[in-house]
Amino acid sequence: MGRNNAHWFALPAVALLGLFLLYPFLDVLRFSTWDWSGLSEPRAIGLENYRNILRDPDFYNSLRITLVFGIMTLVPFVILSILLALALDGQPYERPIKALLFLPGLVTLGGATVAWYTLFSPEYGALASVLPVPRWDQNPFWALVLIMLFTIWRHIGYGVLVVSARLKAIPKTLLEAAAVDGATYAQAFRYITLPLLRPAITFLAVIGTVLTLQGYTAVFLLTRGGPFGGTEVLGYYLYKTGFEVGRLGYAAALTVIILLLTLAFALAQARLLREER
C-alpha cells in the first residue's frame with residue numbers, strides 16, 4: 001500500500017477533529033468580535049472585547065488567583081508524587097496502594113465534591129465534630145487551601161504512577177555501583193535518581209499548570225468563586241462572565257486568551273521535554 005493511499009485512512013479522524021475542534025474554535029473567534037448576550041442581536045465590535053480584557057482589573061485578579069493556586073497546588077503535588085513513588089517502589093503492597101491512590105480520580109467529580117463539602121463543612125461537616133476546621137467559607141486563603149487539597153487528592157494517584165514508571169526505568173546497576181563506591185542513600189538520590197526523574201517531574205509540573213489554567217469545576221462546585229471572590233480562577237471568571245452576567249462575546253474573547261496562555265505553557269512543555277532528551 002502506497003503512502004498516499006494510507007493517508008485516506010486518516011481522513012475520518014481528521015474530519016472528526018475538524019468538526020468537533022476546528023469548527024467550534026472558529027465559531028468562538030467569530031463570537032469574540034461581537035457584543036452579544038446570547039439573547040440580543042449580535043453587534044460586531046471588532047477587537048474591542050480584547051482591548052477591554054487587557055484593561056479589566058477583574059481579569060488580572062483572576063489571573064493572579066490562578067497563578068497563586070497553581071503554585072500552591074503544583075509544588076506539594078510534585079513533591080508528594082516523588083516521595084510516595086519512592087516509598088512504594090519495590091514494596092509488596094505497592095500495587096494495592098497505587099490502586100487506592102488512583103481511585104479518587106475515577107470517582108465522578110460531582111460526587112467527590114459533595115463528599116468533600118459534607119466532610120469539611122465548618123458548620124455541620126463530619127470532620128468538624130472531631131477537629132477544628134478553618135472557616136474556609138469566610139476566608140479566601142483557606143478556601144484556596146481546600147481546593148488545593150481536593151485537587152491533589154483527585155490527581156495524586158496519576159502523579160505517583162508517572163514518577164513510578166520513570167523510577168522503574170532507572171537501571172538498578174547505577175544505584176548498586178554508587179553504593180559500592182560508598183555513596184549514601186541521600187547522595188545517590190541527589191546525583192542519580194533525581195536527575196533521571198527530571199523528565200517525569202517536568203511533565204507533571206507543566207501538565208499540571210496547563211490544567212490549572214483551564215480548570216474551574218472544583219471551584220464552581222465547592223466555593224462558587226468565594227468567599228469575596230478569593231477563589232475566582234480564570235475558568236470560573238469565564239463561566240461567570242458568559243453565563244451569569246450574560247456577556248457571551250466577552251467570554252468568547254476570554255476563551256481565546258486562556259487558550260493562548262495554555263498554548264504558551266504547552267510550547268514550554270515541548271521545549272523542556274525536548275531539552276531533557
Side-chain angles (χ1 to χ4, degrees), residues 61-62 64-164 167 201 204-205 207-209 211-237 239-240 244:
N61 184 57
S62 293
R64 178 187 62 81
I65 292 172
T66 302
L67 294 177
V68 170
F69 170 68
I71 294 171
M72 287 176 60
T73 305
L74 284 174
V75 173
F77 170 68
V78 173
I79 293 175
L80 279 174
S81 297
I82 296 171
L83 293 178
L84 287 171
L86 289 171
L88 293 173
D89 188 47
Q91 299 297 326
Y93 46 79
E94 179 179 1
R95 289 187 178 182
I97 296 298
K98 285 181 179 178
L100 289 175
L101 291 173
F102 199 78
L103 188 61
L106 303 179
V107 179
T108 60
L109 189 56
T113 52
V114 169
W116 267 64
Y117 191 88
T118 304
L119 183 65
F120 287 97
S121 174
E123 297 179 356
Y124 58 83
L127 193 62
S129 61
V130 293
L131 293 173
V133 176
R135 291 305 302 254
W136 55 265
D137 57 339
Q138 298 177 5
N139 188 303
F141 171 76
W142 288 114
L144 269 182
V145 170
L146 177 72
I147 301 297
M148 174 200 74
L149 293 175
F150 177 81
T151 303
I152 293 175
W153 173 75
R154 286 270 300 175
H155 300 292
I156 190 64
Y158 177 74
V160 171
L161 288 179
V162 170
V163 176
S164 182
L167 193 62
I201 296 171
L204 287 180
I207 288 296
T209 304
L211 293 176
T212 300
L213 284 171
Q214 295 180 335
Y216 89 99
T217 311
V219 172
F220 174 79
L221 293 173
L222 282 172
T223 65
R224 300 285 292 188
F228 316 115
T231 60
E232 195 171 280
V233 294
L234 280 174
Y236 185 78
Y237 179 59
Y239 163 81
K240 186 182 76 171
E244 292 184 1

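Residues meeting the side-chain contact (heavy atoms from CB on, under 4.5 Å) test with Gln91, sequence neighbours left out: Tyr93. Contacts of Ser164 classified as side chain to side chain donor-acceptor pair (under 3.5 Å), with partners at least two apart in sequence or in another chain: Lys98. A search for salt bridge (charged side-chain N to carboxylate O under 4.0 Å, His left out) contacts involving Arg135 returns Glu123, Asp137, not counting sequence neighbours.
Smallest separation of non-hydrogen atoms from Tyr237 and Glu232: CD1-OE2, 3.4 Å. Of all the heavy atoms in Ser81 and Ile156, the pair that sits closest is OG-CD1, 3.6 Å. Looking at every heavy atom in both residues, Pro122 comes nearest to Ala128 through O-CB, 3.9 Å. Scanning all heavy atoms of the two residues, the minimum distance from Phe77 to Gly159 falls at CZ-CA, 3.8 Å. What you find for Ile65 and Gly229 is that their closest heavy atoms are CD1-O, 3.3 Å.
To the nearest 0.5 angstrom, Leu127 atom CG is 5.0 Å from Leu131 atom CG. With rounding to the nearest 0.5 angstrom, the CD1 atom of Ile79 is 11.5 Å from the CG atom of Leu84. How far NE2 of His155 is from CG of Leu204: 11.5 Å, rounded to the nearest 0.5 Å.
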**Message:** Applying side chain to side chain contact (heavy atoms under 4.5 Å, CB included) to Phe102 and Val160, what does each step give before you reach the verdict?
**Reply:** CA-CA 9 Å; Phe102 199 78; Val160 171; over 6 Å; no
**Message:** With side chain to side chain donor-acceptor pair (under 3.5 Å) as the criterion, how do Thr231 and Thr223 come out once you've worked through the C-alpha distance, each side chain's angles and the decisive distance to 0.1 Å?
**Reply:** CA-CA 7 Å; Thr231 60; Thr223 65; 2.8 Å; yes
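Two residues are said to be in side-chain contact when any heavy atoms from C-beta on lie closer than 4.5 Å; Ile71 and Leu74 fail this criterion. Annotation: side chain of Trp116 is in contact with side chain of Trp153 (closest heavy-atom distance under 4.5 Å). Two residues are said to be in side-chain contact when any heavy atoms from C-beta on lie closer than 4.5 Å; Val219 and Phe69 fail this criterion. Using a 4.5 Å cut-off on side-chain heavy atoms (C-beta onward), Pro134 and Asn139 make no contact. At least one side-chain heavy atom of Leu109 sits under 4.5 Å from a side-chain heavy atom of Arg154.
Ring geometry for Trp136 versus Tyr117: interplanar angle over 60°, hence perpendicular rather than tilted (30 to 60°).
The closest donor-acceptor contact from the side chain of Tyr236 to the backbone of Arg224 lies under 3.5 Å. Using modelled atom types, no side-chain atom of Ser121 and backbone atom of Thr118 make a donor-acceptor pair closer than 3.5 Å. Remark: side-chain polar atoms of Thr113 are not paired, donor with acceptor, to backbone N or O of Leu221 under 3.5 angstrom.
Checked options Ile97, Leu167, Val163, Leu83; the residue passing with Leu88 is Ile97 (criterion: side-chain contact (heavy atoms from CB on, under 4.5 Å)).
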